[in-house]
Each structure stands twice: as C-alpha cells, then as structure tokens.
Number of protein chains: 2
Amino acid sequence: MNTSLSRPVLSEAQEDYLKQILLLGSAPEGSSLEHTTAVSTQELADRMEVKPASVTGMLKKLAELALVEYEAYKGVRLTEAGYKVALEVLRHHRLLETYLHQALGYGWEEVHAEAERLEHHISEAFEKRIAEWLGHPSHDPHGDPIPTAELHLPEGVPTRRLAALEAGERGLVARVGSQDQDALNLFAHLGLRPGAQVEVLEHMPEGVRVRAAGERYLLPVALTQIVWVAEVGG
Amino acid sequence: MNTSLSRPVLSEAQEDYLKQILLLGSAPEGSSLEHTTAVSTQELADRMEVKPASVTGMLKKLAELALVEYEAYKGVRLTEAGYKVALEVLRHHRLLETYLHQALGYGWEEVHAEAERLEHHISEAFEKRIAEWLGHPSHDPHGDPIPTAELHLPEGVPTRRLAALEAGERGLVARVGSQDQDALNLFAHLGLRPGAQVEVLEHMPEGVRVRAAGERYLLPVALTQIVWVAEVGG
DNA sequence: ACCCGGTTTTAGGTATGCCTAAACTATTAG
DNA sequence: CTAATAGTTTAGGCATACCTAAAACCGGGT
C-alpha cells in the first residue's frame, strides 16, 4: 500500500533545495507546476545561506536524478517528479506548523523553526496521524495552503497585499508570507495574525498607517508587502 | 536562560554513540555513572550496525571532546559530560515514545523507530511542552525510566526477569527491554505489555509456559530474559 | 561593437562518517 | 610457552555537502 514506491531516498539538503525551488519559483498565489518560473543560482544561495558555487553543485546532482531541469546560466525548474517531492516536504512542514500551534500551544510565529528541523524526519505514519488529529486542515498558522495527501495545493480565496488597499479599506489577514523571525515576532506582537481584521488608515512615504487589534501603527512598506488580505465578508 | 550553555553541538552520530555507550554499560537496573562498566568496540559495532573500524574512529573523536574515556583495546566509559549528554538524548527518546503512544495513539511496540529518528531534532522547547502535556511521566511505554529534566534517572521498584519466576508465581510486567521490532510485535500481539499480569505455569527445556491476558503460551527462553516483572501487590 | 561588472561555473580543498583490507594485540587452548 | 583466534586498530578510500579562489559567461550601456 506504499503509494510512493518510486520515491528515491533523498538527503535533507536535497529536499530543502527542492522545497526552496518550489517556493521561489511560485507566484504568491500560484499553485500548479506550469505556473512556476525558473529560479536563479543566486536566489537559491541567498535563501539557503550557502555560496552560489555550492548551489551549482547540488543542482547538477538533482538534474542527474531528474528532479529538476537545469541548464547552466539559465536557472532551474522542477520536473514533475521534483515537484511531487517538494510538495511532500511542504506538506510535512505545514502540517507540523499547524500541529505545533494547535496541539502543543506554540505561538504561530514560533512554529517555523521547529517544523523546519522536523519536516525531514517524520514518517508517513506520523504525517497521517497529525493530519487526522487536526482534521485535515487546509491552511497552516501563517495562512499558507497545505498540500493535500494527494499532493494538490488547495486554491485560496483571492487576496491582495496589504500595501494595495486604499485608505479606508478593511480586510481580513489571510496570510503572513514571511520566513523572517523578527518580522514574525513583530506581527505577532502587533496582533497582526491570520484571521485578524485590519484597516488601512493612510498611506505615507515611510509606510502605511493601519489599525489592527484595536490599535494604530505605522507599518514600514516592506512589511505591508508581506501581509495578504482578503475581503471582510468573503 | 539557556541552562545548557556548555553543551557543544554534537552530530547525530555522536549522540547515538553516547546513548549506546550508556545503555550497553548500564546494568539492567543500574542508574548512576559509577555503576556503569566499560563497553567494547565490538558491542558498539553490533548495536549500531556499523563496522568495528568505524567505532574506533568515533571513539577517538569523542575522547578528544572529553565525552568518553577511551584506551585502545580496553573499551570505553562515559565521562561526566558524556553521561549528561547521553541522558539528555535518552530523555528525548523516552519522552517522545511516551508522547507518540499517549497523544497520537501509536502502539507501544511501534514507538521506538519514530522516536529514534526524532530524538536528535527536537528543541528543548519541544521537550518541555510534551513533558508538560504528559504530566512529567517517570516511565515510557516499554517501562523504561525517563531521565528527569535535571537528568536523574528515577529508581524503579525491584524487578526480576520473567525467566527467574518459579512455576506458579505471578507478577506484573514492569519492563519489556527489547530494541528488536519482531520481539516487540510478538509481545504486543500476546498482550504481554507493561502493566499486564503474567503467571509462570511451567519451566520447560524449550522455554517457559506462561499465562498472560487470559491465554497460555510457550515463550522461548530468550524472550523470558527480556521481560522484567514486579511483585503483584508491590 | 565592445567592455565592464555582476552572475555563474570550475577547480581544488575541508570535515564527517562510513567502508574494506591488512596489520596488530590480547587471550585462551593445547 | 607458544600458537591460534577473536577482537581491535591502522591505512587508505568513498560520498555528501559545504567552502574559497579564479576563470568563464552574459547582458546592458556607450
């Protein structure tokens, strides 16, 4: 009954590369392999905190395994097989984040680092048990979609960046798309979490004045690019 | 607030060696560093499923880190520092086993493999949260004692091997001390789990006739050495 | 058309943790 | 007391996954 008979055993590093190629190559709301773009060596090197030369080496290895299509000087794309692996890793990650939050009381801003380490080490049995415990959730605590057991990414409701709201508009935080711990801590502190209501009060040169959790803040522009907002009634 | 400031970052392999040196060097009921015996290269090689040459190499490295005392041809012992690390790993392992059993519904015979992989990858925060969720348990699902947060091994009630009971004697299974999955599966199947009552019916050349969970079995001698039994009323 | 600077790749090196094969040590049997 | 044998260590290799330094590429601006 093992449905992933064909899955070769990959190293932690290899899984991480595939996951990052997926994340970097996907549009913020993209969901299928066809909608991904090629990812550069540099981008990967930055994200993985590794030198570009190391990335080149790994990409060659992944290309040999037919998990990516790689042409020198032109960036990488996932193959169908590589996409599957990336989604599996992403499913582990996001299920773990959700479980840590719901079952163990971690703050939504704390779950990333722990999940990052565990995602490569849990069995399919573990994945299944936490998914069942959670009732097969569709989104993690950051608002990111969790790939299904069949490895499809659920479509989300339409969202816009917080930066794109006009003064006076309100919305519900749908997703906080940051990997940066400091930014997450700040958002958590401000009560700007998925599910919360926000209102844009005013656009200023240094940022955006918003109201969230009953308080007003001036949010630097960079941070308003990271928060995705859905219609209030939607 | 980090209480383990001094703890150097060790590799997974190094942690595993330290753990096995502790387990192999401890008497079945032993609990302090003074009561441990030296462990041979061969024993370690067998347990870790690795060649003796590899063990020698690792022991040299651990000796340099002052985690073990090692003299060529004479086996290894843990130092105070190595003992601490080993207990920490053991605590992670046994807490995880307990958590998998209690919180996620794993069978007591299934938890070992999953815990084995996860023990090296959980944070102190994770350890703390599952310990709290479990109410700071003193024993894992196999009946093995869990080192406390302060890294002391709790004393157990006195136990004897099932093999040592006279015909007609009864007792409570206190501990099933096996790492072998097949043996565990068998015990689980027979209902011979920690907490269950057993009675020795008869000693025979090929094994011991016992009654457990209302049924009678002939248990091979080797397996009766693995099961530890406490007084019924004790 | 060409040059410059950033990006990417090549070449060569490190550390870990395992392997095999061969040399060595210790202990036990005769 | 020596010789066989079981246990151990040394020597030399391999794969992974990183690194630095230097060479190769490529696209934009003049």
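Each chain gets a letter, A, B and so on, in the order its sequence line appears, and its residues count up from 1. Just so it is clear, the values below take in all heavy atoms, side chains as well, and ignore hydrogens, waters and symmetry mates.
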Asks: Between B:His93 and B:His112, does the ring centre distance come in under 6.0 Å?
Replies: yes
Asks: Under a criterion of less than 4.0 angstrom to any heavy atom of chain B, what are the 5'-terminal and 3'-terminal contacting nucleotides of DNA chain C?
Replies: C:dG17 to C:dT25
Asks: Please list, in 5' to 3' order, the outermost nucleotides of DNA chain D lying under 4.0 Å from any heavy atom of chain A.
Replies: D:dA17 to D:dC25
Asks: For A:Leu10, run the side-chain contact (heavy atoms from CB on, under 4.5 Å) check against A:Val89, A:Leu65, A:Leu62, A:Asp16 and tell me which one passes.
Replies: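 Only one of A:Val89, A:Leu65, A:Leu62, A:Asp16 forms a side-chain contact (heavy atoms from CB on, under 4.5 Å) with A:Leu10, namely A:Leu65.
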Asks: Assign B:Lys74 to base, sugar-phosphate, or nothing according to its heavy-atom contacts below 4.0 angstrom with the strands shown.
Replies: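 B:Lys74: no heavy atom of the nucleic acid under 4.0 Å.
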Asks: For A:Asp140 and A:Thr98, which heavy atoms make the closest approach, and how far apart are they?
Replies: CA-OG1, 3.3 Å
Asks: Can you check side chain to side chain donor-acceptor pair (under 3.5 Å) on B:Ser123 and A:Glu114, steps first, answer last?
Replies: CA-CA 7 Å; B:Ser123 66; A:Glu114 191 88 45; 2.4 Å; yes
Asks: Identify, between B:Ala72 and A:Met58, the residue whose nearest nucleotide on DNA chain D lies closer to the 5' end.
Replies: B:Ala72
Asks: Show the nearest heavy-atom pair for residues A:Pro141 and A:Pro194, with the distance to one decimal.
Replies: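 Of all heavy-atom pairs spanning A:Pro141 and A:Pro194, the closest is O-CG, 3.1 Å.
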Asks: Should A:Gln179 and A:Arg47 count as side-chain neighbours, where that means a heavy-atom distance under 4.5 Å?
Replies: yes
Asks: Please give me every residue in residues 47-57 of chain B whose heavy atoms get under 4.0 Å of an atom in DNA chain C, ordered by residue number.
Replies: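 Correct list: B:Val50, B:Lys51, B:Ala53, B:Ser54.
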Asks: Answer yes or no for B:Arg193 and B:Phe187: cation-pi contact, defined as NZ/CZ to six-membered ring centre under 6.0 Å and angle to ring axis within 45°.
Replies: no
Asks: Report the C-alpha separation of A:His189 and A:Glu109 in whole Å, then their side-chain angles, then the decisive distance to 0.1 Å, and conclude whether the side chain to side chain donor-acceptor pair (under 3.5 Å) test is met.
Replies: CA-CA 10 Å; A:His189 183 71; A:Glu109 78 286 3; over 6 Å; no
Asks: Over all heavy atoms of both residues, which pair between B:Trp228 and B:Ile226 is shortest? Give the atoms and the distance, please.
Replies: CD1-O, 3.2 Å
Asks: Checking salt bridge (charged side-chain N to carboxylate O under 4.0 Å, His left out) between B:Arg91 and each of B:Glu150, B:Glu119, B:Glu127, which is the one that passes?
Replies: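 Exactly one option meets the salt bridge (charged side-chain N to carboxylate O under 4.0 Å, His left out) with B:Arg91, and it is B:Glu127.
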